[in-house]
Amino acid sequence: MKRVIWVLLTIFILWGCTKRPYEVMTTHAVEEWKVTDGEWAMAATLNSASIYKDNIVMILKDKNEYVVNFFTLEGELQKRIPFSMGKGPGEVIYPYAFCIQDNIIYIYDNRLQKILKIDINGEYIEDYMLNKFMGLFPEIVVHDDSLFLSSVYGDNLITRFDESMNVIGTIPNDIPLKDMKKGDRATNGTIAIDPKRNEIYYSNRVLPYKITKLDMDFNIKCELTSDLVYGYKNYSFTGRNFDGDMVVSNMIIKDNYLYTSVFMRKKSKDKPFFINIFELKKDKLKYHIICPDLTEAADDILVRVMGVKNNKIYLLVILYNYEKQQTEVFIRSVKNPIKGDCDE
């Protein structure tokens, strides 16, 4: 019966999109491998895995230490960089997010309010002390001499630091967590940077579906939008927790295209899971990819688009089953409709 429903849904969407400037596709996400080489260290957040050069890089917990793991695309462990739990130099209590740029690893610890900087061989470089709560579950992006930190429920959705960690630009949050009241729309922050054009792509993740293109001084240049949001609801504060959907997860840029997916879905099997691909030269939606198997996967599903390699879109998929109280982490992939992508 589910198969029939998805076939009818696909036919309906294709019929309705015949005059649209983008293509709607339906495909399954292929399981590449299951993550079993360590304990998931990020409290089921998504900002702890990415593709760097030819490796999938992931922070996992191993007993009393954290480890930056380098895997091949097929899941073979290539390299381990351990770092300690603690409050001292080179130590972290809880690694909320990380990124790698020019063989330097940046690890954000929200408990200690600092960013640990080590090289790709594990040599300690320094700690950047922020001394301020920057919000929960942030993302780090490094471009030229600037570090960008996005956040959830902090005072700022995006904060830009110079090489001395002085704040040189912000996108303020509409309503910080401490000021939220029941029913308030809860915005978040995620960014991607196009290094060729020195442009920032930013989204507050919630409805209406919108990705804003900015220059490096946060001046707005244009907006990327999509009307394909189905039954997704706004993300709002309930008084104690949050309810609704985040329609933009993270964003990555490969060549002339921006890739993103739905972020969080709670018991929402009536809403199709989708990936959007925007063409940056035209600032328009190019492909809308529906994945029925991810739609039906679990009560809770979180997905991060990690990168594009070998004509595949690689996804980090975290499935949480309330009944079993179990979290499983997988690397899956979707065929990339953009032909002939080159290596990063």
Side-chain angles (χ1 to χ4, degrees), residues 42 45-59 66 68-70 79 81 83 90 92 95-110 112-132 134-135 137-152 154 156-171 188-203 211-218 249-255 258-260 280 304-308 316 343-344:
M42 297 295 187
T45 70
L46 295 171
N47 306 326
S48 58
S50 63
I51 289 182
Y52 182 69
K53 297 183 177 179
D54 292 323
N55 291 110
I56 291 176
V57 186
M58 190 178 306
I59 294 181
Y66 294 111
V68 183
N69 296 272
F70 290 74
K79 183 177 183 178
I81 300 176
F83 56 100
V92 300
Y96 274 88
F98 89 111
C99 78
I100 307 177
Q101 182 68 32
D102 299 326
N103 291 334
I104 302 297
I105 304 172
Y106 301 81
I107 302 170
Y108 176 71
D109 185 338
N110 206 18
L112 298 180
Q113 299 176 2
K114 75 174 185 180
I115 294 174
L116 168 63
K117 186 177 176 182
I118 59 178
D119 69 19
I120 205 165
N121 296 312
E123 294 295 324
Y124 170 73
I125 299 177
E126 59 184 317
D127 288 330
Y128 289 139
M129 302 306 300
L130 303 177
N131 299 316
K132 181 182 179 180
M134 301 301 296
F137 312 129
E139 295 176 341
I140 302 173
V141 178
V142 176
H143 175 64
D144 289 339
D145 295 327
S146 294
L147 184 147
F148 297 80
L149 187 66
S150 70
S151 67
V152 176
N156 297 314
L157 296 177
I158 306 292
T159 304
R160 180 184 178 186
F161 300 89
D162 64 16
E163 56 187 342
S164 299
M165 295 305 292
N166 299 307
V167 176
I168 57 175
T170 64
I171 297 177
N188 303 269
T190 183
I191 61 171
I193 295 180
D194 185 345
K196 295 180 181 178
R197 301 174 181 85
N198 283 319
E199 292 173 332
I200 300 168
Y201 290 84
Y202 150 78
S203 176
I211 297 170
T212 304
K213 182 166 76 171
L214 312 163
D215 64 20
M216 298 307 291
D217 294 318
F218 293 157
S249 177
N250 66 308
M251 300 180 287
I252 66 161
I253 292 174
K254 178 67 181 295
D255 300 331
L258 182 148
Y259 299 76
T260 188
L280 299 185
R304 179 182 179 88
V305 178
M306 293 193 299
V308 177
L316 173 71
D343 288 340
E344 294 176 348

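Keep in mind that this is a model prediction, so the values were computed, not measured.
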Original post:
CD1 of Ile211 to OG1 of Thr260: how many Å apart, nearest 0.5 Å?
Top reply: 5.5 Å
Subject >> Residues in side chain to side chain donor-acceptor pair (under 3.5 Å) contact with Glu126, at least two apart in sequence or another chain >> reply: Tyr128
**OP:** Could you pull out the closest heavy-atom pair between Pro95 and Tyr66, with the gap in Å?
**Re:** CD-CZ, 3.3 Å
Original post:
Can you name the nearest heavy-atom pair linking Leu112 to Met129, along with the distance?
Top reply: O-CE, 3.8 Å
**OP:** Mind checking side chain to side chain donor-acceptor pair (under 3.5 Å) for Asp144 and listing every partner two or more places apart, or none if nothing turns up?
**Re:** none
**OP:** Could you walk me through whether Glu163 and Val142 pass the side-chain contact (heavy atoms from CB on, under 4.5 Å) test, one step at a time?
**Re:** CA-CA 10 Å; Glu163 56 187 342; Val142 176; over 6 Å; no
Original post:
So do Ile115 and Met165 actually touch side chain to side chain, heavy atoms under 4.5 Å?
Top reply: yes
Original post:
Which value, rounded to the nearest 0.5 Å, describes the distance between His143 atom NE2 and Ile200 atom CD1?
Top reply: 8.0 Å
**OP:** Determine, stepwise, if the pair Thr190 / Asn188 fulfils side-chain contact (heavy atoms from CB on, under 4.5 Å).
**Re:** CA-CA 7 Å; Thr190 183; Asn188 303 269; over 6 Å; no
**OP:** Output the distance between atom CD1 (Ile56) and atom CZ (Phe70), rounded to the nearest 0.5 Å.
**Re:** 12.5 Å
Subject >> Exercise: identify the closest heavy-atom pair between Tyr202 and Gly189 >> reply: CE1-CA, 4.4 Å
Subject >> Contact check, side chains of Asn103 and Lys53, non-hydrogen atoms, under 4.5 Å >> reply: yes
**OP:** Provide the closest heavy-atom pair for Arg160 versus Asp217 in the form atom of the first, atom of the second, distance.
**Re:** NH1-OD1, 4.2 Å
**OP:** Output, in order, the C-alpha distance, side-chain angles, deciding distance and verdict of side-chain contact (heavy atoms from CB on, under 4.5 Å) for Val57 and Ile105.
**Re:** CA-CA 11 Å; Val57 186; Ile105 304 172; over 6 Å; no
Original post:
From Leu149 CG over to Glu139 CD, what is the distance, rounded to the nearest 0.5 angstrom?
Top reply: 9.5 Å
Original post:
Quick one: are Val167 and Thr159 in side-chain contact, heavy atoms under 4.5 Å?
Top reply: yes
**OP:** First locate atom OG of Ser164, then atom CG of Asp145, and finally report the distance between them rounded to the nearest 0.5 Å.
**Re:** 9.5 Å
**OP:** Just jot down the salt bridge (Lys or Arg N to Asp or Glu O under 4.0 Å) partners of Asp194, sequence neighbours excluded, or say none.
**Re:** Arg197
Original post:
Would you say Asn198's side chain and Asp215's backbone share a donor-acceptor pair under 3.5 angstrom?
Top reply: no
Original post:
For Asp119, which residues count as a side chain to side chain donor-acceptor pair (under 3.5 Å) partner, sequence neighbours excluded?
Top reply: none
Original post:
How far apart are the closest heavy atoms of Ser249 and Arg304, and which atoms are they?
Top reply: OG-CA, 4.1 Å
Original post:
Is the side chain of Lys79 donor-acceptor paired with the backbone N or O of Ile120 at a distance under 3.5 Å, no angle test?
Top reply: yes
Subject >> pair Ile104-Tyr106: side-chain heavy atoms closer than 4.5 Å >> reply: yes
Subject >> Heavy-atom pair with the smallest gap, counting every atom of Ile118 and Ile125 >> reply: C-CD1, 3.8 Å
**OP:** Would you please name every residue forming a side chain to side chain contact (heavy atoms under 4.5 Å, CB included) with Val141, sequence neighbours left out?
**Re:** Phe148, Ile191, Ile193
Subject >> Spacing of CD1 belonging to Ile168 relative to CZ belonging to Phe218, to within rounding of 0.5 Å >> reply: 8.0 Å
Original post:
Can you find a heavy atom in the side chain of Cys99 that is under 4.5 Å from one in the side chain of Tyr52?
Top reply: no
Subject >> Set of side chain to side chain donor-acceptor pair (under 3.5 Å) partners for Asp102, sequence neighbours left out >> reply: none
**OP:** Take Val308 and Ile252 through the test side-chain contact (heavy atoms from CB on, under 4.5 Å) and record every step on the way to the result.
**Re:** CA-CA 9 Å; Val308 177; Ile252 66 161; 4.0 Å; yes
